[in-house]
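Right, one structure below, let's go through it.
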There are 4 protein chains.
Amino acid sequence: MITCSIVGVTGYAGLELLKLIEQHPTIHLEKAISDSCAGMTLSELYPWLRAGAQKLEPFQVEALAGIDLLFLATPSGVSADYIRQLESFDGVVIDLSGDLRLPSNLYETWYGKPPVNEIIQAEAVYGLTEWNRDKLSTAKWISNPGCYATAVSLALLPFVHNDWIDPLHIIVSACSGITGAGKGLSEKTHHAKSNENVQLYKIHSHQHIPEIEQTLNTWSEKKTTVSMSTHLLPINRGIMATITAQPNDDVSEDEWVRRLQSAYEHEPFIRVQQGEPEIKSVVGSNYCDLWVYKEERTNRLTIVSVIDNMQKGAAGQALQNANARFGFEETLGLLSQPQYI
Amino acid sequence: MITCSIVGVTGYAGLELLKLIEQHPTIHLEKAISDSCAGMTLSELYPWLRAGAQKLEPFQVEALAGIDLLFLATPSGVSADYIRQLESFDGVVIDLSGDLRLPSNLYETWYGKPPVNEIIQAEAVYGLTEWNRDKLSTAKWISNPGCYATAVSLALLPFVHNDWIDPLHIIVSACSGITGAGKGLSEKTHHAKSNENVQLYKIHSHQHIPEIEQTLNTWSEKKTTVSMSTHLLPINRGIMATITAQPNDDVSEDEWVRRLQSAYEHEPFIRVQQGEPEIKSVVGSNYCDLWVYKEERTNRLTIVSVIDNMQKGAAGQALQNANARFGFEETLGLLSQPQYI
Amino acid sequence: MITCSIVGVTGYAGLELLKLIEQHPTIHLEKAISDSCAGMTLSELYPWLRAGAQKLEPFQVEALAGIDLLFLATPSGVSADYIRQLESFDGVVIDLSGDLRLPSNLYETWYGKPPVNEIIQAEAVYGLTEWNRDKLSTAKWISNPGCYATAVSLALLPFVHNDWIDPLHIIVSACSGITGAGKGLSEKTHHAKSNENVQLYKIHSHQHIPEIEQTLNTWSEKKTTVSMSTHLLPINRGIMATITAQPNDDVSEDEWVRRLQSAYEHEPFIRVQQGEPEIKSVVGSNYCDLWVYKEERTNRLTIVSVIDNMQKGAAGQALQNANARFGFEETLGLLSQPQYI
Amino acid sequence: MITCSIVGVTGYAGLELLKLIEQHPTIHLEKAISDSCAGMTLSELYPWLRAGAQKLEPFQVEALAGIDLLFLATPSGVSADYIRQLESFDGVVIDLSGDLRLPSNLYETWYGKPPVNEIIQAEAVYGLTEWNRDKLSTAKWISNPGCYATAVSLALLPFVHNDWIDPLHIIVSACSGITGAGKGLSEKTHHAKSNENVQLYKIHSHQHIPEIEQTLNTWSEKKTTVSMSTHLLPINRGIMATITAQPNDDVSEDEWVRRLQSAYEHEPFIRVQQGEPEIKSVVGSNYCDLWVYKEERTNRLTIVSVIDNMQKGAAGQALQNANARFGFEETLGLLSQPQYI
């Protein structure tokens, strides 16, 4: 039995982690941490949750002695503050923010905030579980991938890693549900604004763009660049990335499907689907569903990836990384079915 | 005063036309036609509409004598049936379906139905008003553009017409509200399926793809191809097309904005906007809002176009074409403001 | 031609008024007023609106000289502040907030704010147009009714005025779209919270309850009380009030329908409908649709009322009151059709 | 280990049961039955489900030998047909339709269909688990309650059973998500119609009304009648019933809360909440959340009940009944947390 603590239980990712860990057989929530709501009980914070009388505690490094695993479900910048205090912490840290994902110079450019300690950042293992599980098994710091980055990287890695597509002609059009914009109040997420609307945002400046390129370049021999547009949709959860690419090989659509299936054939959370993609196939679950189509007229490929931004795009993948780190079955506690209706 | 008749008042486009024409000062609805509901009054059909006791009539060519203008707000295939009967009709016909948009061979390939008379099809003027108003002024047959085709063509025409972009590297990711899927009952449009979902559909086979290419090629010297993916969203109205292109000229984003503004500076319905695009800016109106962004890292352009699929993408543009055809001010009856909230 | 000014153009009601008045033939917007955004132009504030370069001005009584009509589209409390400064203003004031609706003691109890001058409040005419148009024609201060109050009072007034129902057994279950909760950011209106949800709010404490009772008592000889629950729905616009009452007369459902029709037979905005009610029948219009059903098993009546909270429940009724005040046709500028799809 | 079979796996309730039973430790799905899709595998039917290659079978009584438990997740009328064939079946039958809920005369009146065998109907135990678990433990036929009936009866039973309220002045205003209208295609559930709408339906004729009255009368000494209006909402799941009643006792709101808590203090799925009710508190779970408020001005009580119509209102309660019938812990397989965001 592993003991864990979640920092930031009042946010969306923290709440999702709470719910997932409650069902996990071998990871036990020892401390729920929130600076803003310290002193409340979980059931005061979330009266609708089956959560009991556990009290929220403020973040204090000393109080974490004996904790095996610490999730930072805190926003970028806030995680960095905590990480600076955690150098002496003995356990494993999984950070769900962007604070460990990029080297200092890129981080400053795209996040506009002071970066964390370069040594910690360099030491942190990028938690795209399917591609990095070997390194994860001994990691002290795990940097949990961004939601868009997860959807796009899982779709593209087989293609760039195997040199199947032109790495300089990748166009991503992605959309996300409203939880992707966070729990903070904003004009964009006021229901009367977001409802019946599609809002394009962070044009060419989304902080997951350099993360995706870095990930693709890690597993590719050729330098890869990506153009990505991001759309905010009036749904609660889910990401769809529709990716267009120029194939290097002149093979049939069936062969592309076969190649993609083969790349992920042993992965429990990655499903290569047939039939027209929809976001609902994965919401409420930790699955990433992939499709590939070939447009005969232009010989272009369209690769589509859908995930639940709160599960595979955040808390689910964090727990999958925890499972990988501690040697548990990766699917442990993560087999909830998609909600669908 | 012009007299008109609408065939297909029970469909979405027919209803939108009914509402628009009720406010039009110089076009009068003489006959509301519906084969399926003939005999009902408009207020029985739409109790919530201020529509009076006008009776729906079945389609009969003889009964159309004296009508100046006939709108076919009927589905593809159904319009073709009526068009075959309308050769002797004296007035102007505006067809909102796809039946007059493509030459026979393309029509058969993309629509999978028997095409209309080739002579009529060849004679029909494509009603993308802003680009074809000269020909429209004397047209007998007007082929009203498709909703996606309108959004995409208005965005791209200045770029391909002026050779500003590479015509072989155009990627369109487009999404539409649920009315785009029509009023017919289908699993895709059952609320419990479409709600909280994004459904990709007609992958590489949407019938507006050849329409867009034909339109771009009409006004371009180089051959243009387009890859387009289409997504069904849980909103009632609106289309957003997010287009990626490779510019031929190395100019600044401001210069791209200036060029686009200049291309449409006298157009009352086309607005080149600044600030992040959203669908809501146009829903309920006949506007097409355009934006252009330059991604400095990749030197790519992103061009975004939003319209209300029921207005500029269907009934609104049809009425704009009617205004153009009969020499009225093009904005007549079409100045409703976007609904927004 | 009447000149008007709108105070509070940045709010939902102010925006709706802007759009309505732009189409009004005999009322001209002379000044758009907003303390928070003074200096901006309307088109900077609402880039999607066809609004031109009119500059927003701060509220200054002196600058209002020559204005015939002033709309206060400001929140409760804010309107009161302006009203205190407007005693010397020569024109007509229509206040859309609750600040002129209740006498001081009730106002303090239900709004929890300092009331306006009692003399002005007593002088203000309650702008439920259909029931008060005689007094409106000479009013200096017009108190525009609340959205729930409009829906419920229009439904119940014929019944209590004519002593058709027991005035002590009236139960109202009402629901409103999200715009009813205002433009201010709040947890309740964050999309991820309100979407896929129904939120009961202001239980037994909604400030429209005393307004409804006061209105019913104005036109009834017997003292009337009302219990009302209010639900926040994940839709942008619209109110439905489902009212249960005990009839005094044992007549058929048809007779109840006939009575209701007769009560409102000359009213252009009140439609007694048949068929199952829906909110969509009125959204986008100034209509109030009413239905009455008789439950044979219990001999109870169910009376249903639907309005667009932004039109008949706010800006539309305000304009109707302006028309009534200045002797214009009441429907002037208010005949937009319901949006429906 | 108990073996079960689900008839009607293609419907909403059948799908929900599939998902619940997949996680149940002691009930095993032996056969998935669907006449319309026999021959397909579950994963062909639901490609997004983790369902394996189990083949759908047609309904054949002989093939059910050895099955301990049969769920009929079929529509009213269809269940009746199967029930007629099941007299010789040895196992337990839980019918989720309305076919076993009412005696023949009431059934014919409210359902308008031929009733099932009167002896079976009389023998069937009404599966409102919390109130009938003693009888359930030996039942052969279990009639699973309707969704509205569950929400309303659980709220009212403590009040009528203990004679706390006037049984002749109970007014229910209830609303349901779109899944309550079933998976069949209909105009009412077309997204463009239901979205941004509230649709009142089955006025005074909803078939759950006699079911509720029958249930209340079973546990009350005084005859109880209920008026209920039902509203269809643009959300996927959830029911809220807002109930108004006249108390017999003049006690404080705190005392009403205490009484209600006391009535359900040992029930794992019934939670008496404080704070303003919302549907989201229960969607995705088997909870029924209850609230009671006292309006001091009128001395009326408002009792609010929320459930997930697919879980506590259908499949969840069916599984709870199965647990009760076979002596398992009632919460087994039913402890999923509410989805909330």
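Residue numbers begin at 1 in each chain, while the letters A, B, ... track the order of the sequences.
With a threshold of 4.5 angstrom between heavy atoms, Ile209(C) approaches chain D through side-chain atoms but not through N, CA, C or O. Contacts of Ile203(C) with chain D are made by both backbone and side-chain atoms, with heavy-atom separations under 4.5 Å. Of the two parts of His231(C), only the side chain, counted from C-beta on, holds a non-hydrogen atom closer than 4.5 Å to a non-hydrogen atom of chain D. For Val226(C), the part lying near chain D is the backbone, with the side chain staying farther off; criterion is any non-hydrogen pair under 4.5 Å. Both the backbone and the side chain of Ser227(C) come within contact range of chain D, judged by heavy atoms closer than 4.5 Å. Contacts between Gln246(C) and chain D at a heavy-atom distance below 4.5 Å involve the side chain alone, from C-beta outward.
Judged purely by atom type and a 3.5 angstrom limit, Glu196(D) uses its side chain to pair as donor or acceptor with the backbone of Asn236(C). Within the 3.5 Å criterion, the main-chain N or O of Lys202(C) finds a donor-acceptor partner in the side chain of Glu276(D). Side chain of Lys280(D) to backbone of Gln199(C): no donor-acceptor contact under 3.5 angstrom is found. Distance alone, capped at 3.5 Å, places no donor-acceptor pair between the Lys193(D) side chain and the Ile341(C) backbone.
Residues Ile235(C) and Asn197(D) are not in side-chain contact: their nearest non-hydrogen atoms beyond the backbone lie 4.5 Å or more apart. Put simply, the side chain of Arg297(D) reaches to within 4.5 Å of the side chain of Glu213(C), judged on heavy atoms.
Atoms SG and CG, on Cys175(D) and Leu233(C) in that order, are 7.0 Å from each other to the nearest 0.5 Å. Taken from CD1 in Ile171(D) to CD1 in Ile171(C), the straight-line distance is 6.0 Å, to the nearest 0.5 Å. Ile243(D) contributes atom CD1, which lies 11.0 Å from atom OG of Ser229(C) (distance to the nearest 0.5 angstrom). The structure places NZ of Lys188(D) at 7.0 Å from CD of Glu278(C), a figure rounded to the nearest 0.5 Å. In this structure, the separation between CD1 on Ile279(D) and CG on Leu200(C) is 10.5 Å, given to the nearest 0.5 Å.
Most heavy-atom pairs under 4.5 Å with chain C, from the set Thr242(D), Thr298(D), Val283(D): that is Thr242(D).
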Working for side-chain contact (heavy atoms from CB on, under 4.5 Å), residues His204(C) and Arg300(D): CA-CA 10 Å; His204(C) 304 319; Arg300(D) 284 196 185 102; over 6 Å; no
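Within 6.0 Å of CD in Glu108(C) there are more than 12 heavy atoms belonging to other residues, nucleotides or ligands. Residue Glu253(C) qualifies as enclosed at atom CD: its count of foreign heavy atoms under 6.0 Å is above 12.
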